[in-house]
Number of protein chains: 2
Amino acid sequence: MAETANDLRTLRQSREWSQGRLAQEMGVSRQTINAIETGRFDPSLPLALRLARVFGRTVEEIFALKE
Amino acid sequence: MAETANDLRTLRQSREWSQGRLAQEMGVSRQTINAIETGRFDPSLPLALRLARVFGRTVEEIFALKE
DNA sequence: ACGTTATGACAAGTGTCCTTGACACGGCGC
DNA sequence: GCGCCGTGTCAAGGACACTTGTCATAACGT
C-alpha cells in the first residue's frame, strides 16, 4: 500500500515534467495534455497506451471507467 | 502457455457471440464492432475499457500499440 | 520592473469515432 | 428455390480528439 497515486497529473509531477515536456514525449500538443488532465476530454486509445507505458502503469490504472 | 489469443475477434468467437450481440453488450452499433475487428479504426478509450472488462483482459492485452 | 516558465482556456479547423440506413455476399435450413 | 443470419462495406451526418494560434494569470529569478 501507499503506492503513488495514478492520476495523470500526479504521475507527471512525480517525474517533475511540465505539461509541455510530457506532450513532446507523447508526440501531442501541450493543450492536449492539459485537456486530459483537466478532464475536458479522454485521450485516444493509442495516446492512452503511450501514457500508460511511459509511466509504467496499465491503462486501467490511470484511466478508470466512470460508473 | 497455450492461452487463448487476445484479439477481439477471437475473444468474441470463443464466447460464440455475433458482432451484433457484442455490440449491444457494449452499447455501440454492429458496424462499430466490425470496424474495430477489421482494423478500420481504434475504439475510443471508454469502449476499449468496456471491451477489456467484458472479456476479462487488460486493455494492453487486447489492443497493442503497433510498432 | 522585467522576462521567463507553467498552466488554463478559448476559437477555428481537421481528422477520427460512431451513428443510422442501406446494399451485397456466403452459408445454412427448409 | 426461398428466407434468415452473420458479415463486410459504403454514405452522410454528429460528436469528439487533436491541431495551431492566441490570450490571461500566477510564480519565479534577476
Side-chain angles (χ1 to χ4, degrees):
Chain A
M1 43 298 290
E3 295 155 3
T4 63
N6 284 325
D7 63 288
L8 187 57
R9 168 158 291 164
T10 304
L11 290 167
R12 174 180 63 79
Q13 287 173 340
S14 70
R15 201 160 288 200
E16 295 188 348
W17 282 359
S18 66
Q19 293 179 348
R21 170 75 193 282
L22 177 55
Q24 57 189 33
E25 300 279 345
M26 296 296 98
V28 296
S29 69
R30 177 185 74 81
Q31 287 86 336
T32 293
I33 299 297
N34 183 74
I36 295 166
E37 284 191 359
T38 57
R40 287 204 301 283
F41 50 72
D42 295 325
S44 66
L45 177 58
L47 178 51
L49 287 166
R50 278 181 269 136
L51 286 165
R53 176 186 297 181
V54 80
F55 289 119
R57 296 289 189 286
T58 64
V59 169
E60 280 85 351
E61 282 169 342
I62 307 183
F63 305 102
L65 271 177
K66 33 202 72 159
E67 79 262 30
Chain B
M1 46 300 294
E3 295 155 4
T4 64
N6 284 325
D7 63 288
L8 186 58
R9 169 158 290 165
T10 304
L11 290 167
R12 175 179 61 80
Q13 289 174 340
S14 70
R15 202 160 286 199
E16 295 187 350
W17 282 358
S18 66
Q19 293 179 348
R21 170 75 192 284
L22 177 56
Q24 57 190 34
E25 299 281 344
M26 296 296 98
V28 297
S29 69
R30 177 186 73 82
Q31 288 87 334
T32 293
I33 299 297
N34 182 74
I36 294 166
E37 285 191 358
T38 57
R40 286 205 302 284
F41 49 71
D42 295 324
S44 65
L45 177 59
L47 179 52
L49 288 166
R50 277 180 271 138
L51 286 166
R53 177 186 297 179
V54 80
F55 289 118
R57 297 289 188 286
T58 65
V59 169
E60 280 84 351
E61 283 169 341
I62 308 185
F63 304 102
L65 272 178
K66 37 202 69 159
E67 84 262 23

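So that the names make sense, note that chain A is the first sequence line, chain B the second, and so on, each numbered from 1.
- Between B/Thr38 and the phosphate of D/dG8, there is no side-chain N or O to OP1/OP2 separation shorter than 4.0 Å.
- Taking atom CD of B/Glu16 as the reference point, atom P of D/dC5 lies 17 Å away to the nearest angstrom.
- The distance from atom CG of B/Asp42 to atom P of D/dA17 is 14 Å, rounded to the nearest whole Å.
- Across C/dA9, C/dT19, D/dC18, the shortest atom-to-atom separation from the side chain of A/Arg40 is found for C/dA9.
- Considering only side-chain N and O atoms, B/Ser29 lies under 4.0 angstrom from the phosphate OP1 or OP2 of C/dT19.
- Within the nucleic acid shown, B/Gly27 comes within 4.0 Å of sugar-phosphate atoms alone, with no base atom in reach, counting heavy atoms only.
- Between the side chain of B/Arg40 and the backbone N or O of B/Thr38 there is no donor-acceptor pair closer than 3.5 Å.
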(request) Test A/Ile36 against A/Leu47 for side-chain contact (heavy atoms from CB on, under 4.5 Å), laying out the working first. (result) CA-CA 11 Å; A/Ile36 295 166; A/Leu47 178 51; 3.7 Å; yes
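- Atom CD in A/Gln24 sits about 16 Å away from atom C1' in D/dT19, given to the nearest Å.
- Nucleic acid contact class of B/Ser18 (heavy atoms, under 4.0 Å, all strands): sugar-phosphate only.
- Between A/Gln19 and the phosphate of C/dG8, there is a side-chain N or O to OP1/OP2 separation shorter than 4.0 Å.
- Between B/Arg9 and D/dG6, a side-chain N or O to OP1/OP2 separation shorter than 4.0 Å is absent.
- For B/Asn34, counting side-chain heavy atoms from C-beta on, the closest listed nucleotide (D/dC18, D/dG8, C/dC18) is D/dG8.
- At the phosphate of C/dA9, neither OP1 nor OP2 sits under 4.0 Å from any side-chain N or O atom of A/Arg30.
- When heavy atoms are screened at a 4.0 angstrom cut-off, B/Ser44 is found touching the sugar-phosphate backbone but no base atom.
- Side-chain atoms of A/Thr32 lie closest to D/dC18 of the nucleotides C/dT20, C/dT7, D/dC18.
- Computed from coordinates, the A/Phe63 CZ to D/dA17 P distance equals 12 Å when rounded to whole Å.
- A/Arg30 contributes no side-chain N or O that, together with a main-chain N or O of A/Ala23, makes up a donor-acceptor pair within less than 3.5 Å.
- Between A/Arg53 atom CZ and A/Met26 atom CE the span is 9.0 Å, to the nearest 0.5 Å.
- Taking atom CG of residue A/Leu47 and atom P of nucleotide C/dG15, one finds them 19 Å apart after rounding to whole Å.
- Between A/Leu22 atom CG and C/dG8 atom P the separation is 13 Å, expressed in whole Å.
- The CD-P distance, from A/Gln31 to D/dT22, rounds to 12 Å in whole Å.
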